[in-house]
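Just the heavy atoms: all of them, side chains too, but no hydrogens, waters or symmetry mates, feed the values below. Proteins get letters first, then strands, A, B, ... in listed order; numbering begins at 1 in each.
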Amino acid sequence: MNQDSVLPPQYDPTGLEQELYRQWERRGLFEPRSDRTPPGPPSSLTPPSTRPYVIMMPPPNVTAQLHMGHGLNLSIQDVLVRFERMRGRDTLWVPGTDHAGIATQNVVEKMLAKEGRTRFDLGREEFVRRVWQHVEETGSAILNQVRALGASCDWHRAYFTLDEDLSRAVREVFVSLYERSLIYRGKYIINWCPRCLTALSNEEAEKTETEGKLWHLRYPLEDGGRITVATTRPETILGDTGIAVHPEDPRYRALIGRHAILPLVDRKIPIVGDEAVDPAFGSGAVKVTPAHDPTDFDIGKRAGLPSINVMTDDAHMNDAVPERFRGLDRFVARKRVVAEFEALGLLEKIDNHQHAVGRCYRCDTVVEPRLSDQWFVKMKPLAAPALKAYQDGSLRFIPEHRGAEYAQWIENIRDWCISRQLWWGHRIPVWYCLAPTCRKITASRTDLSACPECQGAVRQDDDVLDTWFSSQLVPFSSLGWPESGDELSRFYPGDTLVTAPEILFFWVARMVMAGLEFMNDLPFRTVYLHGTVRDTRHRKMSKSLGNGIDPLDVVTRYGADALRYTVVSGLSVGTDLILDPEDLDASFSAGRNFANKLWNMGRLLLSHVDGPVRPLAGGHPDVVRKAELTLADRWIIARCEETVREATAAYERFRLNDAALAVHRFLWSDLADWYIEGIKPRLYGEQPGGDVARAVATQTFDVALRLLHPVMPFITETLWRRLPGHTEEDSISVAAWPASDRRATDGGALRRFGALQELVGAIRSIRAEYAVQPGHTVRARIATPSPDIAAVLEADGAIVSRLAKLSALDLGAPEAQDDAAHAILPDGTAVTIPLGDLVDVLKECARLGNELGRLQGAISGQEAKLDNPQFAARAPAAVVDREREKLAAWREQAGALAEKRRRLGCPE
RNA sequence: GGGCGAAUAGCUCAGCGGUUCAGAGCGCCUGCCUUACACGCAGGAUGUCGGGGGUUCGAAUCCCUCUUCGCCCACCA
């Protein structure tokens with residue numbers, strides 16, 4: 001059968017991948033099935049668990065575009081899920097999206113800004129409607145992008161964090177924590193983003209080292225003298241309500257209890273003693289601004305100092321400051337304050353000072369620590385079990401050292417600010433009674449229209465919850481919790497969480513705590529934290545740097561398989577993935593080329609399996625009687641077995657790159673380059689054993705495709721379905737994982753075939769050195785000290801002849817002819833090829849000789865020209881130089897030619 | 001300021017006490033359009049395994065130190 005008409009030589013995944021994905025989804029192959037066939041004989045170190053394999057997708061922002069980090073994350077997860085599914089486990093991969101409060105709200109606000117409107121113009125209800133509309137328009141895009149990568153999720157269970165049932169879970173958790181006093185409302189210093197106009201959690205306020213200044217400023221004392229304080233934010237001086245010194249500091253001890261006069265404001269402020277002050281830093285005296293600094297807030301609380309907020313929501317100076325400062329931007333005010341101090345002679349000095357400045361993780365604006373009313377979760381009680389789970393080993397991290405980070409964070413955990421001054425998100429389920437006599441605050445699972453206490457009118461809290469408050473619940477809220485049901489008991493707890501280290505605290509740690517608190521069990525046992533995608537300058541890929549790679553673009557140009565192969569083979573545990581956004585080919589052509597190689601291997605094999613291939617049981621052709629197998633057959637079967645073990649063990653240990661490379665080596669180097677090349681005479685009927693060769697080749701190819709399927713699902717599916725024994729109705733995605741079979745192990749075959757490979761290599765080297773045309777055959781004489789090898793050559797010399805292109809292969813004592821090329825292998829095997837056979841070398845010598853002769857003639861002519869005094873006298877300098885350069889170049893060429901002739905052993 | 005990781009071919013990375021551990025892919029050089037594949041085939045070059053010291057019969061592999069890069073945490077104003 002001529003397959004060429006059906007299968008073009010160039011593999012094109014376009015369209016094919018989408019079609020396959022639609023089929024998979026339609027056939028429900030990604031849905032969990034408890035009736036899956038049990039795993040075959042163990043091919044692994046650890047037999048698969050009988051529990052379902054459940055994995056949770058880190059929810060991308062619902063309206064975002066996929067970036068390469070997602071490509072990496074989804075590829076890894078899909079490899080794991082597909083591997084477990086093929087091993088026969090009941091698998092579930094839950095996809096989902098995140099409403100991403102700040103980000104999504106920002107997007108819609110920007111759209112409004114183009115219409116010249118703000119969210120306040122629309123009002124809350126209308127604004128939220130607009131956001132929903134935007135989400136509905138764009139939200140499915142990201143899920144289709146996930147599909148395009150081949151991710152085998154169960155779409156029936158896709159969640160969105162603002163869905164009704166997930167929202168119910170959010171309420172349940174909030175109220176439950178509130179009732180147990182684990183949620184409280186309080187006035188604290190929080191990180192405020194003056195651009196997004198909302199509070200941020202500590203994790204959302206990213207600290208960046210910044211080169212700043214440290215201003216040393218003098219405050220006059222009430223009763224004479226001065227005290228110097230140091231600050232990085234002079235504008236906050238306007239809100240100072242005290243000065244703190246260390247109680248034991250001999251320089252200042254006497255001043256405690258006295259007062260200073262705050263310059264510019266003329267406020268009388270006390271000097272207090274507090275342990276928090278480091279006498280060694282700055283001047284050893286600290287200005288205290290309780291409303292704008294967390295440390296100062298604590299000091300102020302201890303000393304009973306008032307708090308004066310001096311800024312508006314958008315970080316301009318407010319009415320609490322002297323009139324001339326009002327309305328100024330905080331950084332303008334900073335300059336103004338310093339200038340006035342200087343004018344008053346109160347500026348002592350300015351030091352350069354490097355310090356950490358918090359910035360909004362969404363818009364990079366410098367956050368303003370600010371006193372305000374917010375909701376908090378008391379974390380200590382929730383954290384204790386989460387720490388214990390790590391310490392007793394029930395929660396494990398890969399790479400291991402990430403666990404230490406987790407533990408450190410948990411140990412120093414601080415209360416979580418969960419309120420956000422946004423409109424997009426889960427509104428805090430708290431109602432305030434408006435009746436002045438009642439004023440009751442109620443947290444409720446259902447909306448309230450009247451105060452449960454006095455039936456008076458109520459008003460719901462304006463704020464929404466931090467997006468992560470809902471995300472932390474998805475391991476159980478996406479399975480129907482708080483309703484208890486079969487889904488929940490079957491799929492909770494899950495197995496593995498695969499995510500980027502950036503959200504270890506945002507998401508992972510909080511899921512652990514929530515799971516332990518509300519489900520009384522860990523949401524997963526293993527946390528695999530993969531690396532970050534960076535460019536060749538090792539910068540994180542990001543939109544703002546413009547160094548990103550669009551995974552969909554890669555899929556279009558190279559195919560999802562190529563993307564996945566590149567990502568998986570290039571990422572080892574604990575390292576980052578470096579890709580070049582300027583040169584996609586450098587990164588992704590390897591994957592594309594591999595897919596094309598597989599395609600062509602398939603084309604070749606399929607063109608030879610016209611009729612039914614002799615069925616072979618198990619993964620290995622062990623039912624073929626050993627006697628029928630040639631050395632090459634036994635070798636490839638043994639290599640196949642080795643690869644099954646290697647790849648399986650690697651997948652189990654998250655060493656996905658090792659797995660991918662092991663299969664790659666087997667398919668390309670072993671199967672294609674050696675085995676298939678070697679058996680061609682059998683396939684073409686020039687030698688006996690064609691049936692066996694065909695069977696062995698297709699069977700081992702089948703095994704290798706299955707091993708590769710988790711990494712390259714599309715090309716493997718495409719080819720596998722056409723292999724003998726399978727139909728278009730079958731799917732490799734639910735085919736049995738190849739079983740290891742000890743009977744296929746064959747150390748002797750590996751060793752002996754290895755010797756033949758060396759032999760072939762030696763002959764090929766000689767051929768290359770003498771520039772023998774590929775079409776020409778040569779005679780080789782081989783003398784080996786090993787009776788083993790001699791026997792092999794006797795029986796299987798044909799394959800050496802084929803691979804090294806020999807016309808004859810003689811065995812026996814080495815021929816000591818001078819006109820022959822020789823090679824000696826490490827084991828002492830000697831190869832002799834008569835020079836007469838290397839006929840091309842003589843032709844080449846002649847050609848080189850002619851060329852060299854011509855060149856030498858030209859050189860002597862040129863030398864004569866340059867030596868000619870008339871030429872030297874008349875020609876312009878530039879021309880002389882040019883002619884000299886010409887001569888030098890020719891001499892160099894002649895040298896190269898002579899060297900080439902010498903290398904080929906040409907006669908003089 | 002604490003804690004952690006990494007430094008191996010031009011690039012990205014395997015190898016982490018000893019039998020081919022000096023490797024892979026890409027890149028580079030030479031020759032081939034040998035009818036599965038030029039997204040290919042064959043051959044080839046390239047590294048005192050960051051510097052220094054130590055442990056050992058033996059170290060890229062363990063220990064110390066220095067240098068250089070990353071990452072995490074931290075209220076030093």
Side-chain angles (χ1 to χ4, degrees), chain A residues 3-4 7-11 189 202 207 214-215 229-233 236 244 276-289 293-299 353 355-356 358 369 399 401-402 404-409 411-412 414 501-502 504-505 531-532 534 536 538 558 562 566 569-572 574-580 583 585-608 655 657-658 661 664-665 669 672-673 676-677 680 683 754 760-761 764-769 771-776 803-805 826 840 844 900:
Chain A
Q3 294 273 349
D4 288 22
L7 304 182
Q10 198 98 143
Y11 173 61
I189 298 282
N202 286 321
K207 298 282 183 177
L214 185 61
W215 285 272
V229 299
T231 181
T232 53
R233 295 185 293 148
T236 63
V277 179
D278 175 3
F281 187 86
S283 62
V286 187
K287 63 189 252 342
V288 183
T289 322
D293 185 277
T295 311
D296 292 8
F297 178 73
D298 290 341
I299 294 175
H353 181 61
H355 61 136
H401 69 87
R402 292 283 182 181
E405 275 171 31
Y406 167 88
Q408 198 188 8
W409 185 78
E411 279 167 7
N412 301 309
R414 291 191 292 154
E502 292 99 276
L504 177 58
F505 308 131
T532 308
R534 297 174 185 279
T536 45
H538 294 206
Y558 298 88
T566 292
S569 65
L571 188 83
S572 52
T575 63
D576 287 338
L577 181 68
I578 313 293
L579 298 173
D580 188 351
D583 186 1
D585 231 44
S587 301
F588 297 101
S589 60
R592 178 200 57 194
N593 295 356
F594 187 32
N596 192 239
K597 182 71 179 182
L598 293 174
W599 177 253
N600 278 290
M601 290 173 73
R603 279 206 322 146
L604 175 73
L605 291 177
L606 290 172
S607 71
H608 287 284
R655 309 199 47 139
N657 59 327
D658 285 349
L661 294 174
H664 180 275
R665 183 171 54 238
S669 306
D673 290 348
I676 292 181
E677 283 309 321
K680 272 183 179 170
L683 293 181
V760 170
R764 282 174 175 168
S765 289
I766 292 173
R767 292 179 58 111
E769 192 181 340
V772 177
Q773 293 299 307
H776 288 141
L803 293 169
K805 295 188 173 154
D840 292 5
E844 178 70 0
K900 209 163 178 182

Asp293(A) CG to A74(B) C1', straight-line distance once rounded to whole Å
14 Å
At 4.0 Å (heavy atoms only), tell me whether Tyr406(A) reaches a base, stays on the sugar-phosphate, or touches nothing.
nothing
Got a sec, which residues hit ring-ring contact (aromatic ring centres under 6.0 Å, His included) with Phe505(A), two or more places apart in sequence or on another chain?
Trp409(A)
Which residue is it: Asp296(A), Ile189(A), Thr236(A)? I am looking for the one with a side chain to side chain contact (heavy atoms under 4.5 Å, CB included) to Pro369(A).
Ile189(A)
Check whether the side chains of Tyr558(A) and Asp585(A) place a donor and an acceptor atom closer than 3.5 Å, and report yes or no.
yes
May I ask you to say what Arg764(A) touches in the nucleic acid, namely base, sugar-phosphate or nothing, with a heavy-atom cut-off under 4.0 Å?
sugar-phosphate
Which part of the nucleic acid, if any, lies within contact of Ile578(A), taking any heavy atom under 4.0 Å across all strands shown: a base, the sugar-phosphate backbone alone, or nothing?
sugar-phosphate
Identify, between Ala230(A) and Tyr11(A), the residue whose nearest nucleotide on RNA chain B lies closer to the 5' end.
Tyr11(A)
NA contact type, Thr532(A), heavy-atom cut-off 4.0 Å: base, sugar-phosphate, or nothing?
nothing
Minimum-distance nucleotide to Gln408(A) side chain [options: C37(B), A42(B), C73(B)]
C73(B)
Rounding to an integer number of angstrom, what distance separates G15(B) and A60(B) when you compare their C1' atoms?
8 Å
Taking the same atom, P, in C71(B) and in C66(B), what whole-Å distance lies between them?
22 Å
State which of C37(B), A14(B), C41(B) makes the closest approach to the side chain of Arg603(A).
C37(B)
Under 4.0 Å between a side-chain N or O of Arg414(A) and OP1 or OP2 of C75(B)?
yes
What's the closest nucleotide to the side chain of Lys597(A) if the choices are A42(B), A36(B), C75(B)?
A36(B)
C75(B) and C63(B): how far apart are their C1' atoms, nearest whole angstrom?
38 Å
If every non-hydrogen atom of Ile676(A) is compared with every non-hydrogen atom of Met601(A), which pair is closest and at what distance?
CD1-CE, 4.1 Å
Send over the distance from Arg592(A) CZ to G40(B) C1', rounded to a whole Å.
12 Å
Could you give the CD-to-C1' distance, from Glu405(A) to G5(B), as a whole number of Å?
9 Å
Phosphate OP1/OP2 of U35(B): any Lys680(A) side-chain N/O under 4.0 Å:
no
Please check the phosphate of G15(B) (OP1 and OP2 only) for any side-chain N or O of Arg655(A) closer than 4.0 Å.
yes
Does Ala672(A) reach a base, just sugar-phosphate, or nothing at all? Heavy atoms under 4.0 Å.
base
Reported CZ-to-NE2 distance for the pair Arg603(A) and His608(A), which is rounded to 0.5 angstrom
11.0 Å
Identify the two heavy atoms, one from Leu571(A) and one from Asp576(A), that lie closest to each other, and give their separation to 0.1 Å.
CD1-C, 3.9 Å
Whole-angstrom distance between C69(B) and G31(B), as gauged at atom P
43 Å
Take the protein atom CD1 of Ile766(A) and the nucleotide atom C1' of G43(B), then report the distance between them rounded to whole Å.
12 Å
Let's test your reading of the model: under 3.5 Å, does the base of A42(B) pair with the side chain of Lys805(A) as donor and acceptor?
no
Euclidean distance for C1', G3(B) against C39(B) (whole angstrom):
47 Å
Hey, does the side-chain of Gln10(A) have a donor or acceptor N/O within less than 3.5 Å of a partner on the base of A36(B)?
no
When you measure from the side chain of His401(A), which nucleotide among C37(B), C4(B), A14(B) comes out closest?
C4(B)
5' precedence on RNA chain B between Leu604(A) and Asp278(A) (nearest-nucleotide basis)
Leu604(A)
Does a side-chain N or O of Asn593(A) approach OP1 or OP2 of G40(B) to a distance below 4.0 Å, or not?
yes
Please report the shortest heavy-atom distance between Tyr11(A) and Asn596(A), naming the atom on each side.
N-ND2, 2.8 Å
Separation of G25(B) P from Asp585(A) CG (nearest whole Å)
18 Å
Measuring only the C1' atom in each nucleotide, how far is G70(B) from C28(B)? A whole number of Å is fine.
30 Å
Minimum heavy-atom distance Thr566(A)-Gly591(A), with the two atoms named
OG1-N, 3.9 Å
Is Val277(A) touching bases, backbone alone, or none of the nucleic acid, heavy atoms closer than 4.0 Å?
base
Atom pair distance, as rounded to whole Å: CH2 in Trp409(A) and C1' in C73(B):
12 Å
Taking any heavy-atom pair under 4.0 Å as a contact, classify Asp580(A): base, sugar-phosphate, or nothing.
nothing
If you take all heavy atoms of Asn600(A) and Pro9(A), which pair is closest and at what distance?
ND2-O, 3.0 Å
Take atom P in C62(B) and the same atom in C49(B), then report the distance between them in whole Å.
15 Å
Please classify the nucleic acid contact of Asp298(A) as base, sugar-phosphate, or nothing, using heavy-atom distances under 4.0 Å.
nothing
Separation of C37(B) P from Asn600(A) CG (nearest whole Å)
6 Å
Taking atom C1' in both G18(B) and U61(B), what distance in whole Å separates the two?
11 Å
Nearest heavy-atom approach of Ala276(A) to Thr295(A) is CB-CG2, 4.4 Å
Stem finding on RNA chain B, please: runs of three or more consecutive Watson-Crick or G-U wobble pairs, both distances under 3.5 Å, sorted by first number.
B:1-7 with B:67-73, B:10-13 with B:23-26, B:28-32 with B:40-44, B:50-54 with B:62-66
Calculate the interatomic distance between Arg233(A) atom CZ and C75(B) atom P; express it in whole Å.
14 Å
Hey, does Ser765(A) reach any base, or is it just sugar-phosphate, or nothing, if we go heavy atoms under 4.0 Å?
sugar-phosphate
